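Here's the structure we're looking at; comments come further down.
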Amino acid sequence: VSCDIDGPIPCTIRPSTIENPLYGYDPILEQETDFEAPNSIGVMAVDNLPCELPRDASQDFGNELVTKVIPHFFNQDQEGVLSRATIAENKNLGSHFEYLRSYING
């Protein structure tokens, strides 16, 4: 995968954006065209795509935290989500983490 303008992939004539990731390339005319045009090569050349992955992951993590974890702080943890996730409390391991005792006693 490359976004090298005039580089190893001749159809990459410009970078595309997250908002508009696709453009077409006409290999006969060697110019940009609609990516749905006949004989067009669809190009996705988002040059900052690796930066988008952590952002999406952070947004997804935040959404999951807000919808699936935070409510348990306000319903007395009726389903035991927080207690199952608690590794240690008051200097003691949570029941789901007793298997770590051998590492502590090492």
Side-chain angles (χ1 to χ4, degrees):
V1 175
S2 172
C3 184
D4 298 329
I5 309 306
D6 291 329
I9 305 172
C11 64
T12 305
I13 55 176
R14 68 170 177 85
S16 57
T17 64
I18 294 299
E19 295 79 24
N20 192 10
L22 297 173
Y23 64 88
Y25 176 77
D26 185 323
I28 297 167
L29 300 174
E30 296 183 350
Q31 64 185 25
E32 185 174 338
T33 185
D34 182 357
F35 69 88
E36 294 180 357
N39 301 320
S40 176
I41 297 171
V43 178
M44 184 173 98
V46 179
D47 58 356
N48 66 340
L49 190 58
C51 297
E52 292 298 315
L53 299 176
R55 183 182 82 166
D56 286 350
S58 293
Q59 288 173 337
D60 288 344
F61 178 82
N63 289 338
E64 293 293 312
L65 186 67
V66 166
T67 61
K68 297 189 176 157
V69 176
I70 291 179
H72 297 279
F73 285 99
F74 301 99
N75 73 3
Q76 288 74 45
D77 195 25
Q78 293 174 1
E79 297 173 33
V81 170
L82 301 176
S83 64
R84 287 193 308 273
T86 301
I87 297 172
E89 184 175 20
N90 299 321
K91 300 180 183 178
N92 295 307
L93 287 171
S95 61
H96 288 87
F97 296 91
E98 273 298 323
Y99 69 93
L100 295 172
R101 178 116 3 242
S102 63
Y103 293 104
I104 295 170
N105 297 335

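Because the structure is a prediction, the values reported are computed rather than measured.
Both Phe61 and Val69 belong to a single network of hydrophobic side chains, linked directly or stepwise wherever heavy atoms of I, L, V, M, F, W or Y lie under 4.5 Å apart. By the rule that hydrophobic residues join a cluster once side-chain heavy atoms approach within less than 4.5 Å of another member, Tyr23 and Ile28 end up as members of separate clusters.
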Would you give me the side-chain donor-acceptor pairs under 3.5 Å for residues 74-81, sequence neighbours excluded?
| residue | atom | partner | partner atom | Å |
| --- | --- | --- | --- | --- |
| Asn75 | OD1 | Asp77 | N | 2.9 |
| Asn75 | OD1 | Gln78 | N | 3.4 |
| Asp77 | OD1 | Gly80 | N | 3.4 |
| Asp77 | OD1 | Val81 | N | 2.8 |
| Asp77 | OD1 | Leu82 | N | 2.9 |
| Asp77 | OD2 | Leu82 | N | 3.2 |
| Asp77 | OD2 | Ser83 | N | 3.0 |
| Gln78 | NE2 | Asn75 | O | 3.4 |

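Distance check, rounded to the nearest 0.5 Å: CG of Asn92 to CZ of Arg101 gives 7.0 Å. Between Ile18 atom CD1 and Asp47 atom CG the span is 9.0 Å, to the nearest 0.5 Å. Between Leu100 atom CG and Ile87 atom CD1 the span is 7.5 Å, to the nearest 0.5 Å. Within the model, atoms CG of Asp60 and CZ of Arg55 stand 11.0 Å from one another, a figure rounded to the nearest 0.5 Å. Atom CG of Asp26 is separated from atom SG of Cys11 by 11.5 Å, given to the nearest 0.5 angstrom. Expressed to the nearest 0.5 Å, how far OG1 of Thr17 lies from CG of Leu22 amounts to 10.0 Å.
Across all their heavy atoms, Ser16 and Pro21 have their closest contact at OG-O, 2.8 Å. Minimum heavy-atom separation, Gly24 to Ser40: CA-OG, 3.3 Å. Between Val43 and Tyr25, the closest heavy-atom pair is CG2-CB, 4.0 Å.
Enclosure of atom CG in Asp34 by more than 12 non-hydrogen atoms of other residues, nucleotides or ligands within 6.0 angstrom is indicated. Summarising the local packing, CD of Gln59 is surrounded by more than 12 heavy atoms from other residues, nucleotides or ligands at distances under 6.0 Å.
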